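These notes concern the structure reproduced below.
We count ligands from 1, going down the list as the structure has it; atoms in each ligand are counted the same way. These numbers were taken from a predicted model, which means no experiment stands behind them.
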Amino acid sequence: MRLAQPLPPGSVIGILGGGQLGRMLALAAARLGLKCHIYAPKGDNPAFDVAFAHTEAPYDDPPALEAFADAIDVVTYEFENVPAETAAFLGERLPLAPGAEVLAITQDRLTEKSFLSELGIGVAPFAAVDDEFSLEWALGKVSGPAILKTRRLGYDGKGQLRIEAGDDPAAVWVNFGGAPSIVERVVAFEKEISVIAARGWDGAFAAYDVPENEHEDHILRRSTVPAKITPEDARAAHAIARTITTKLDYVGIIGVEMFVTQEGVLVNEIAPRVHNSGHWTIDACLVSQFEQHIRAIAGWPLGDPFRYSDVVMTNLLGDEAAGWSTLASRPLTALHLYGKAESRPGRKMGHVNRLTPRQP
Ligand SMILES: Nc1ncnc2c1ncn2[C@@H]1O[C@H](COP(=O)(O)OP(=O)(O)O)[C@@H](O)[C@H]1O
Ligand SMILES: [Mg+2]
């Protein structure tokens, strides 16, 4: 269902998922006089702390979903693994943004990569893998060092295995667990970047300056803005995000992860939601990615993605957030803590944005 008219202040936005992204969306919505109702299963749901209302229920609970649908004016999500049935149930009752087709494509690495290739967008050579025989064939097809990734439910490098020349496909397949997967060639990239962009119900488009992203143990460690890339690569990156969002008739913020290579820009993956590599926009921009997402799905004019400071965003993982007192005293540094009850190694507990304001 499409949004019939812009949602005035006082309207209620439904968000599936109760983590830090939902929390930062709710904080941004509140600034615009909009209310958020968070829906999430039992667990550590720090978004509940800052929202107008919440429902704690499983995603496959029709009565709870029905009541949620009745209480909200539009629905969005903070993670891309929303079950298809949940999205369909809500999408029949009220506007869902981004839409169900976007979820279907981005939940599966094979459909995602195929969609990108069909659009003529560069991706690493890839092939589908369903058993040890197709793995052997796929490794021959992509040739060279490769990465095996489960088609569904991977994040922060989970469900991934690097394969070196000479590894035995049968042993690799057993070891990996045998879920439907893809194999990709390892890209010799110069840098990883991402595009954080928004598209409205009316087709309006706005993209932020491109961050450069560094990962450690497959988890985002740091985003630096602006990325040290050529203006041509930056333009190409924005153009790719525009092509993708237009083709999908996309509404909301999208995060498009990319590799910069000697041959140009390749897309790694698409996140149909606000993205960790856009957290710097909270302090370095007039309108954050969270506010921009709320504006887009609520039918408001998109905000100006103007950036008034250079910035380095660093994730606080696990026990690093215990240093909050020192971090809070640093000059030109904004501290964000997610209010999670439990710290685990590698868990995203907060982030800091260190600003270097641009001289006029
Ligand atoms: N084909 C590839 N070539 C080189 N590095 C890769 C490739 N695929 C993934 N990586 C590395 O692993 C990281 C995580 O992989 P990604 O596909 O983004 O999965 P996730 O869903 O876990 O974020 C990437 O950011 C990149 O650093
Ligand atoms: Mg990724």
Quick test: of every protein heavy atom, which one is nearest to [atom], and how far off is it to 0.1 Å?
{"atom": "atom 5 (N) of ligand 1", "value": "F189 CE2, 3.5 Å"}
{"atom": "atom 7 (C) of ligand 1", "value": "I147 CD1, 3.4 Å"}
{"atom": "atom 22 (O) of ligand 1", "value": "G157 N, 2.5 Å"}
{"atom": "atom 4 (C) of ligand 1", "value": "V187 N, 3.4 Å"}
{"atom": "atom 12 (O) of ligand 1", "value": "H218 ND1, 3.5 Å"}

* Asked: Taking the minimum heavy-atom distance to atom 8 (N) of ligand 1, which of K149, Q160, E269 ranks first?
  ->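 Among K149, Q160, E269, the closest heavy atom to atom 8 (N) of ligand 1 belongs to K149.
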* Closest approach of V352 to L316 (non-hydrogen atoms, all atoms of both residues) ->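 Closest heavy-atom pair between V352 and L316: CG1-CD1, 4.3 Å.
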* Do you know which two heavy atoms are closest between A97 and T76, and how far apart they sit? ->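 The pair with the smallest heavy-atom distance is O-OG1, 2.8 Å.
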* **Verdict with supporting geometry, H279 and S223, side chain to side chain donor-acceptor pair (under 3.5 Å)** => CA-CA 9 Å; H279 289 2; S223 292; over 6 Å; no
* Examine the proximity of ligand 1 to N268 and report which part, side chain or backbone, both or neither, has a heavy atom under 4.0 Å away. =>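 Looking at N268 and ligand 1, just side chain atoms fall under 4.0 Å.
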* To do: Check E257 and report its N/O/S atom nearest to the Mg ion (ligand 2), by atom name.
  =>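 This turns out to be OE1.
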* By atom name, which N, O or S atom belonging to E269 lies closest to the Mg ion (ligand 2)? ->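 This turns out to be OE2.
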* Matching residue for R295 among H293, E291, Q292 - test: side-chain hydrogen bond (donor to acceptor under 3.5 Å, both in side chains) ->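 The single option meeting the side-chain hydrogen bond (donor to acceptor under 3.5 Å, both in side chains) with R295 is E291.
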* Asked: Would you say Y308 has more than 12 foreign heavy atoms packed within less than 6.0 Å of its OH?
  ->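 Enclosed.
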* To do: State yes or no: are the ring centers of Y39 and F89 separated by less than 6.0 Å?
  =>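 No, the ring centres sit 6.0 Å or more apart.
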* **Check against ring pair (Phe, Tyr, Trp, His ring centres under 6.0 Å), F68 and Y59** => CA-CA 11 Å; F68 177 59; Y59 290 121; 9.5 Å; no
* To do: Could you tell me which atoms of ligand 1, counted from 1 in the order shown, lie closer than 4.0 angstrom to a heavy atom of E257?
  =>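 Per the distance check, 18 (O).
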* Report, in ascending order of atom number, the atoms of ligand 1 lying under 4.0 Å from any heavy atom of E192. =>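 Numbered from 1, ligand 1 contributes 24 (C), 25 (O), 26 (C), 27 (O).
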* To do: Measure the spacing between CG of L119 and OG1 of T243 and express it to the nearest 0.5 Å.
  =>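 Going from CG on L119 over to OG1 on T243, the span is 7.0 Å.
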